[in-house]
Chemist: 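Got a structure here, written out as structure tokens. Questions coming.
When reading the values below, keep in mind they use all heavy atoms of this one structure, side chains included, and skip hydrogens, waters and symmetry mates.
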Amino acid sequence: MPRTVEAVVEKDGSLRLLEEVELLPGERALVTLLGEEPDSSEIALLSEAALASDWNRDEEDEAWAHLQP
């Protein structure tokens, strides 16, 4: 059964798994390189487009109208 395990790349280029995993001979793996850890402002910017579809609905404006001056 496929599973996802987080790892970090060490200075020498080797991978260090962040949890114990039993690896069996002949098992296959896929490695996805994610780049550096994004800071919180970058995460907010990346989320904005996905959330905008909800934020920009008429129903959303109606729900928050009572807070407008």
Side-chain angles (χ1 to χ4, degrees):
M1 169 182 260
R3 61 195 184 275
T4 300
V5 179
E6 189 173 1
V8 294
V9 180
E10 299 289 359
K11 289 184 185 220
D12 66 0
S14 64
L15 289 177
R16 179 173 52 90
L17 300 179
L18 298 181
E19 62 185 76
E20 286 290 319
V21 177
E22 181 182 347
L23 300 173
L24 302 174
E27 269 193 306
R28 301 176 332 154
L30 299 173
V31 177
T32 302
L33 301 175
L34 301 173
E36 293 183 24
E37 186 75 27
D39 62 30
S40 58
S41 62
E42 187 177 2
I43 293 170
L45 289 173
L46 293 171
S47 302
E48 185 176 0
L51 295 172
S53 62
D54 281 333
W55 292 340
N56 295 327
R57 295 183 331 183
D58 291 338
E59 296 89 351
E60 195 69 16
D61 290 339
E62 292 170 17
W64 296 97
H66 68 282
L67 297 175
Q68 298 301 319

Chemist: Give the table of side-chain donor-acceptor pairs shorter than 3.5 Å for residues 4-13, with sequence neighbours excluded, one pair per line with atom names and distance.
Modeler:
| residue | atom | partner | partner atom | Å |
| --- | --- | --- | --- | --- |
| E10 | OE2 | R16 | NE | 2.4 |
| D12 | OD1 | S14 | N | 2.9 |
| D12 | OD1 | S14 | OG | 2.7 |

Chemist: List the residues meeting side-chain hydrogen bond (donor to acceptor under 3.5 Å, both in side chains) with W55, not counting sequence neighbours, and say none if there are none.
Modeler: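 With neighbours one apart ignored, the set is empty.
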Chemist: Could you give the side-chain donor-acceptor pairs of residues 57-69 under 3.5 Å, partners two or more places apart or in another chain?
Modeler:
| residue | atom | partner | partner atom | Å |
| --- | --- | --- | --- | --- |
| E60 | OE2 | W64 | NE1 | 2.9 |
| H66 | ND1 | A63 | O | 3.2 |

Chemist: With a cut-off of 6.0 Å (strictly less than), are more than 12 heavy atoms of other residues, nucleotides or ligands near CG of L24?
Modeler: yes
Chemist: Who pairs with R3 by salt bridge (Lys or Arg N to Asp or Glu O under 4.0 Å), at least two apart in sequence or on another chain?
Modeler: E27
Chemist: Work out which heavy atom in S53 is nearest to a heavy atom in A50; give both atom names and the distance.
Modeler: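 Closest approach of S53 to A50, heavy atoms only: OG-O, 3.1 Å.
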Chemist: Going by side-chain hydrogen bond (donor to acceptor under 3.5 Å, both in side chains), name the residues that satisfy it together with R28, two or more places apart in sequence or in a different chain.
Modeler: none
